[in-house]
Structures are given as structure tokens and as C-alpha cells.
Amino acid sequence: MTPSIAFVGAGPTTLYTLAALLAEGVADAHITVFERRPTAGMGMPYSPGWNDPAMLANIASIEIPPVQETLLHWLERQSSRELEAMGVAAHQVSERAFLPRLVLGRYFADQFQGLVRQAKAAGVSIEIRTGCRVIDACNQADGIRLTVAPHLGFVTDEVFDHVVLATGHQWLSDPEVRKGHFLSPWPASKLSPLPPSQVGILGSSLTAIDAAVALAVAHGDFVEQKNGDVAYIPRRGAEGFGVTMMSRKGLLPEADFYFPLPHAPLTVCTEAAVTDLIARENDDLLDQCFDLFRQELTLADPDYAKSVDLADATVESFGETYFAVRAATDPFVWARRNLDEARRNHESRFTIPWRDAILRMHEVVGAIVSYLDDQQFERFERWLKPVFVDNYGAVPHASIARLLALHEAGRLQVLALGEDYRVDAQPDEGCGGAIYHKGLRLHFPVFIEALGQRPLSAGDFPFPSLIAQGIIRDQAAAGEPTAVRGVALDDAFRPITDQLPPDRLFCPSLPFLMGQRPFAQGVTSSHQMGQIVGASLARAIGAAPAVVTPLAIAQAA
């Protein structure tokens, strides 16, 4: 009997999983892909409506793992008119370019269509159902039963041998929970109709930038200058528009720094060294791993190590020192200096060693998180994780230039809240939200919570029957059964349970992984998960190599 495979969600994770599965030579399978949006392949972070055309992706072309072709090659195939329609000038096309999110959506959708043609040419039966929402999943003797609710028609139940729940980011379709109070900046189409007013944005990193840019282009224009900067010109009637970004530290993200690809190997803080530490099961795993981190960073950049007294540093002291000078400087003064430095370094292809070393170590160090007890986990979350997040969370140069333009136009300020602040989500004014901060109360007619995707637990899982069956449950911390850190999954993203046959169910959904994998993020994580799940599926269905010629693909189209 031909094995059946269902993918729930058709974003980048499904795209990369399908590519990995087909690369294994699968020729005898029936694949069904369910996607609630009109187009398969894009995913929420890159879909129209959810994103404003002005929003930039936070990943350069060279960093995006290719599907059937690289993003750069795909862009070079587009006509000047097609590029212009996507908001891209021909001179902007390069492997280091940061492009509008919607451009990546177009690329992924096109690559998805190519994979469908490839599958059909190989004799695989594949069906793409857009406009369909899977509302439940349940394990039964003969497979996983999916309950499907199309936009039009009847609710149906269908059973599959293997199911991949790649549901991606979890956001409310209507984030405005009260008048003027938004729990997220998505979909961006909800922000553009707002009248010009004073806006409070909780957050000051990439998600907050997305919100500020979406509002700014609704009430004005960014105009490019000859020196590469931009100016912000408000439109008539937008005199009341202004934005205040607020975060604990009051810091803006730094501009994307130049680093070589592929990454150079680590010398001390290697995957093997960290794996060995984990195997020892010592109570001071975090400190032992930090010692490897210190040695690697010192080896990479002795001058930086000396400047931050790394030889005597602890997890706590380094986490504080890393941000200290920046926190003591006006955020826009720092942003201007940092942007100028980053531009020079990209132009000369110069890598700042300490930045690159921290970037190369973040995923290796992240492997310890599932093994930390509650106390170590809290220390990691508060002191070391922010260093890594700040490092890999550097943003496109154009994003920093836009923030500087908004500030210079008197439309943007950044406020450091510290640890002791409170949000009033139901203010007496009847709209927006307010912040209680250092004895002051600041009210904003529009208030947007822009803190990014938070880690989710089993209680947030969108398929209730799997929770009721005990298949989806929370992952407890090592030695601390009361500490919850997302859904309990193994290294192949399968639920840890004895109720399922091997490889029947996979859950590569980022929000439910972030508690255990704190640096799981975006396209690169989707690719990594796709490689693992695709290979597991191929083994499960006994895929045999199949030779597919270009002519066969063309005929399948």
C-alpha cells in the first residue's frame, strides 16, 4: 500500500522538509499539504497582508539555504519590471543584500511550485490544498486522523500514515484585543489604517522595528539620500504621529556586521566539547560551558577579551559588561557610530573577530539548555542568552538608517524601562495602553506589544486531541519536574511518548521548540529541521532512489 504523508502548514519548514524527502529519491508516496492561506510556500513571516512591503527580512541572500536554486540566482532570473514590482532595484541584487520580506515570500512560493513539479515527475502523488485549516489531530490505530475545515464546504476527517505539524509562528489573526491595544504588529495590514497619533511600542528589536516602519510608511515616506542614508518626510496631516520604543535596556539592535561564509570551525567551544560536558551530568554545566566560551572568545580576539576582563568574568559579569558601554550611550548616537562602522567593514570585508566568534558559538552553547536545572536555566536566560540574541539579531543597515531618519525628524524616541515597570492594558482613557515607569505614567492612544514570538507550551498547542491523549505534553527541566519548557520532543522532532509508532508524527514548529532550543529562529532553523524530518520520513517509507530528468519535470508541469 502506498504510504500517505500529510504536512500541516506550507511555510519554509514544510518546503525544506519536502525538498529533503524528494532528495532521498522517494517515488512511491501520496503527499497532501494543507495550508490555510491562499498560497503555499510563503509562510507567515513572508506573506502579503501579514507584512508591509517596506518590512525587510533579517537574513541576507547568502545565508538562505537554497531549495532548487539560490535566492540570488532566482533574483537574477527576474526581469527589471518584475524586480521593480517587488520593490527591488537591479543594483540591489547581491548575495549580501537584505530584501523585503515579500520578496522572500515570492521566492519560497516559486520554489514550492518547483518541488511539486519535481515530485510529480518522480511519480509521487502530491496534492496541495490551500484555503484549508486543520483544526484537530488525533492518534488512532491506523494513523493520525486530521480534522480539516475548508473555507467553503464541510468539515472532514482524513487519516494519514505520517503527519508533519509544521504550523510555524502563532499569532492572532486580529491582534487588536482592545481599542488601540495590539498584542503584536501582525498582520501589518491592521496597523496601516490607524490615524497619526502617539504610539507606544513595547520592544526595541526587530519586531518593534517592523511595527515602527509599518506605521511610518502609512504616514510618510522614507527618501533615499546620496550618502546612503534616508530622510523621513511626514505627509500633510501627520503632525501628531510619533513613536516611542520601550524596552528594559532601551537599546537598539546593532547593524549587520560582516562575517565570512561558510563559518570557520571553532577550536575550543566545539560541539564535541559541549557534548562531552553534557554527558558528565555535572551540576555546574552552565559555568563549565561558559569557560569553553571564554577560552574560544579569548583565542579569537585577545584585545576584546582584555577590554571586558574576560579572564575573571562570570556568566553574570560578562552579561552585564557586554551591554554596559552601549547602555550608557544615547541609543541614536550609538546607532550612528555602529552603522558607519558596519558599512565600512562590509565595504572592506573586514570581520570583527569577537562578534564573529560569538555568532559561531551560539548554537553550540544552546545545546546545553535542555540539561540545565531551574537555577542554571534562569541564569542562562537572564545573562548569557541576551548576549547571543543581540549578536545574531543584528539588523539590515537600511533598518538602522530608517530609525535614525525617524529620530532626526522628531518622530522616534527610545525609552529604557529597567526591570521595574508595569503595563496598563485597560487605561482609564479607554484606548491604547499605558506604562508605569519610575513613578511616571505614560499613556499612548495606540500601544503595540512587539516582543516577538514567545516560547509556547503544550497548553498552547493548536490540536486538542493530541493533548488529551497525552501525546503532546510539556517538557520538564532536568531534575525539576515542575519547570515547563515547551513540548517534549526528541532530536528528530517526534513527541516523546510510547503511544506512537516510530515516525508517525513530527512537530517541527518553532514556537513549541524555543524553550529547549532558545536560538531556533527563522529560515536556517526551518532548513535544519527539514533536513532531519525529511530524512526520517524517507527511511520510514523505505524510499528508493529515483532518477528524474529535466524533461520529466517539464512534462509534469
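Side-chain contact between F512 and S457 is absent, with no heavy atoms from C-beta onward closer than 4.5 Å. By the 4.5 Å heavy-atom criterion applied to side chains, L505 and L466 are counted as neighbours. Looking only at side-chain heavy atoms (C-beta outward), F463 and I472 stay at 4.5 Å or farther from each other. The closest side-chain heavy-atom distance from L71 to L104 is below 4.5 Å. The shortest distance between side-chain heavy atoms of R129 and V33 does not fall below 4.5 Å. Proximity of T14 to P508: side-chain heavy atoms (C-beta onward) are nowhere separated by under 4.5 Å.
Considering every non-hydrogen atom in both P175 and P187, the closest pair reads CD-CD, 3.8 Å. Taking every heavy atom of both residues into account, S536 and A492 meet most closely at OG-CB, 4.1 Å. The minimum heavy-atom distance between S247 and S204, with the atom names listed, is OG-OG, 2.9 Å. Here the closest non-hydrogen pair linking F112 and L18 is CE1-CD2, 4.3 Å.
You'll find the ring centres of F506 and F493 outside the 6.0 Å limit. Ring-centre distance between F34 and F7: not below the 6.0 Å cut-off.
For E381, the CD atom is densely surrounded, since the number of other residues' heavy atoms within 6.0 Å is greater than 12. Surrounding CZ of R106 are at most 12 heavy atoms belonging to other residues, nucleotides or ligands under 6.0 Å away. Heavy-atom neighbours of Q499 CD from other residues, nucleotides or ligands within 6.0 Å: above the threshold of 12.
Looking at Q118, its side chain never comes within 3.5 Å of a backbone N or O of V116 through a donor-acceptor pair. A distance-only check finds no donor-acceptor pair linking the side chain of E127 to the backbone of T32 [under 3.5 Å]. Using a distance-only test at 3.5 Å, with no hydrogens or angles considered, no donor-acceptor pair links the side chain of D28 to the main chain of T2.
Ring geometry for F222 versus Y232: interplanar angle of 30 to 60°, hence tilted. Ring geometry for Y107 versus W74: interplanar angle over 60°, hence perpendicular rather than tilted (30 to 60°). Relative orientation of the H362 and Y392 rings is tilted, given thresholds of 30° and 60° on the angle between their planes. Taking the six-membered ring where the residue is Trp, F444 and F447 present tilted rings, their angle falling between 30° and 60°. Note on ring orientation: taking the six-membered ring where Trp is involved, the planes of H219 and F241 are tilted (angle from 30° to 60°).
Side chains of E449 and H181: a donor-acceptor N/O pair is present below 3.5 angstrom, by distance only.
A salt bridge does not link R504 to D161: none of the charged side-chain nitrogens sits closer than 4.0 Å to a carboxylate oxygen. D52 has no carboxylate O lying under 4.0 Å from a charged side-chain N of R101, or vice versa, which leaves the two without a salt bridge. The pair R235-D221 meets the salt-bridge criterion, with a side-chain N (NZ, NE, NH1 or NH2) lying under 4.0 Å from an Asp/Glu carboxylate O. Using a cutoff of 4.0 Å between basic side-chain nitrogens and carboxylate oxygens, R77 and D110 are scored as salt-bridged.
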